[in-house]
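Basis for what follows: all heavy atoms, side chains included, without hydrogens, waters or symmetry-related copies. Keep in mind the model is a prediction, meaning the values are calculated, not measured.
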Amino acid sequence: MVGELEIEPIAGSLGAQITGMQASRIDEGVAAQLRKALINHHVIFMPGLAPTPLEMREIASLYGPVDAHPYLPKADPEIPEVDILDSSTTPAADVWHTDMTFVADPPLAALLHMVDGPEVGGDTMWINCHAVYDTLSAPMQAFLEGLTCIHDDAGQGKRKAEHPLVRIHPETGRKSLYVNKQFGRRVPQLSRPESQNLLGFLFRWQEQVKFSCRWAWRNGDVVLWDERVTLHSVVDDTAQRRVLHRCSVLGDRPEAPASAPTWPRHEADKMASSGYFGFGGYEF
């Protein structure tokens, strides 16, 4: 067994750097430490790990079944679960988001390996959504727990899902705010102006710097994060190319707190669902 990993927090709200790890030597002891680190820190950084696509898939699979994206190019044709993200062909994801919240069972975790990046710039930031929820007032927390949000894929494929605004982490039972500016559209229990104003407030609240950590990439670095309790965004401050390998771990259906009230849908939501008018969420 490889010994204890060195785990050092990098920011006050979330994120920890792990050293003493080798991608080719991950036994059950190391796997247990990695699982615990993700629960405790939400984002874990492994500088210079430089895994092969096979090793990358094996690390991701410690957390569950690994997804195979049907459309993205592959790092290795024999390993379809490891995708290539290339900034020369893919727009920068520089809006705070959680991946694919427009599906019923969004990803559990994501793993990124920087293969070829700029010397300066192109960092990535993450936000701790447990902390976002915890710092809201008790009346606001209680109000949000009875609400849901409609998420869609911004018209790319007309995929849509409805999730609670407050979700329970299935492993810890902790509550977190579960909404994001890129895919969150409307709160169906509220009128149109109520929904827009509430989502606008929540997006501004969760994007405070105090909830965040930031990573300056170097080639070979690997980052793993819990999609259930974080937001992330690229810092789009360079025109230089970024090439990364990516794995996504299949997730579970977000669940609201057991004590959450159930509110009926607002009449305006029925018109929105029928296409009577555009019932957007936050206008940005």
Side-chain angles (χ1 to χ4, degrees), residues 7 9 13-16 18 26 28-45 57-69 81 96-112 126-136 138 140-151 159-180 182-184 187 202 206 211-213 223-232 246-263:
I7 303 174
S13 185
L14 77 167
I18 292 182
I26 299 179
E28 186 51 43
V30 171
Q33 292 178 69
L34 288 174
R35 295 188 194 101
K36 183 178 179 180
L38 190 64
I39 291 294
N40 291 341
H41 301 285
H42 317 311
V43 186
I44 53 179
F45 304 93
R57 183 178 67 183
E58 290 176 347
I59 294 171
S61 67
L62 296 175
Y63 298 88
V66 182
D67 194 14
H69 195 288
E81 299 88 353
W96 286 108
H97 67 286
T98 301
D99 292 324
M100 296 183 66
T101 57
F102 48 80
V103 300
D105 303 297
L108 181 155
L111 186 70
L112 276 184
W126 286 263
I127 278 175
N128 179 353
C129 295
H130 284 315
V132 171
Y133 172 85
D134 290 343
T135 51
L136 292 167
M140 178 61 82
Q141 291 175 346
F143 172 58
L144 295 176
E145 287 182 16
L147 302 176
T148 62
C149 184
I150 305 296
H151 300 242
R159 288 182 290 179
K160 184 182 298 184
E162 183 173 349
H163 300 304
L165 273 178
V166 177
R167 74 173 294 181
I168 295 293
H169 195 290
E171 295 178 66
T172 67
R174 289 187 66 188
K175 298 174 183 178
S176 65
L177 186 68
Y178 193 69
V179 69
N180 69 89
Q182 187 169 31
F183 303 124
V187 178
L202 293 177
Q206 68 187 178
F211 300 130
S212 72
C213 69
V223 181
L224 172 71
W225 67 93
D226 191 332
E227 295 265 25
R228 299 166 293 187
V229 298
T230 61
L231 301 174
H232 61 282
R246 182 182 185 277
C247 271
S248 183
V249 181
L250 292 171
D252 45 26
R253 188 154 301 185
E255 297 290 341
S259 59
T262 301
W263 297 106

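Salt bridge annotation for Glu145-Arg167: absent, with no cationic side-chain nitrogen under 4.0 angstrom from a carboxylate oxygen. Between Glu171 and Arg35 there is no salt bridge, since no side-chain nitrogen of the basic residue lies less than 4.0 Å from a carboxylate oxygen of the acidic one.
Note: Gln182 CD to Met100 CE = 12.0 Å, rounded to the nearest 0.5 Å. Between atom CG of residue Leu136 and atom CD of residue Gln141 there is a gap of 6.0 Å, rounded to the nearest 0.5 Å.
Residues Cys149 and Gly184 come closest through the heavy atom pair SG-CA, 3.9 Å. Nearest heavy atoms, Arg228 versus Pro170: NH1-CG, 3.4 Å. Contact between Cys247 and Ala60 at its shortest, heavy atoms only, is CB-CB, 3.8 Å. The two residues Tyr178 and Glu227 make their nearest non-hydrogen contact at CE1-O, 4.3 Å. Heavy-atom minimum distance, Ser13 versus Ala131: OG-CB, 4.0 Å.
Ring centroid separation for the pair Trp225 and His42 does not come in under the 6.0 Å cut-off. When ring centroids are compared, His151 and Phe102 stay outside the 6.0 Å threshold. Not less than 6.0 angstrom separates the ring centroid of Phe211 from the ring centroid of Trp96.
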Can you list the steps and then say if His130 with Leu14 is a side chain to side chain contact (heavy atoms under 4.5 Å, CB included)?
CA-CA 10 Å; His130 284 315; Leu14 77 167; over 6 Å; no
Does Ile127 form a side chain to side chain contact (heavy atoms under 4.5 Å, CB included) with Thr230? I'd like the steps, not just the answer.
CA-CA 5 Å; Ile127 278 175; Thr230 61; over 6 Å; no
Between Leu202 and Leu144, is a side chain to side chain contact (heavy atoms under 4.5 Å, CB included) present by the stated rule, with each step listed?
CA-CA 10 Å; Leu202 293 177; Leu144 295 176; 3.9 Å; yes
Checking side chain to side chain contact (heavy atoms under 4.5 Å, CB included) for the pair Thr98/Val179: CA distance, chi angles, key distance, verdict?
CA-CA 8 Å; Thr98 301; Val179 69; over 6 Å; no
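His163 contributes a side-chain N or O that, together with a main-chain N or O of Val103, makes up a donor-acceptor pair within less than 3.5 Å. The closest donor-acceptor contact from the side chain of Asp67 to the backbone of Val249 lies at 3.5 Å or more, if one exists at all.
No option in Leu38, Val43, Ile18 other than Leu38 meets the side-chain contact (heavy atoms from CB on, under 4.5 Å) test with Leu224. Screening Arg174, Met140, Lys175 against Tyr133 for a side-chain contact (heavy atoms from CB on, under 4.5 Å) leaves a single residue, Lys175.
Using a 4.5 Å heavy-atom cutoff, the side chains of Tyr63 and Ser61 are not in contact. The shortest distance between side-chain heavy atoms of Cys129 and Leu231 falls below 4.5 Å. Between Ile59 and Ile26 there is a side-chain heavy-atom pair separated by less than 4.5 Å. No side-chain heavy atom of Ser176 sits less than 4.5 Å from a side-chain heavy atom of Val166.
Between Thr101 and Asn180, the side chains place a donor N or O and an acceptor N or O closer than 3.5 Å (distance only, hydrogens not considered). A side-chain donor-acceptor contact under 3.5 Å links Thr148 and Glu162. Side-chain contact check for His97 and Asp99: at least one donor-acceptor pair (N or O, by modelled atom type) lies under 3.5 Å. Side chains of His169 and Asp226: a donor on one and an acceptor on the other come within 3.5 Å.
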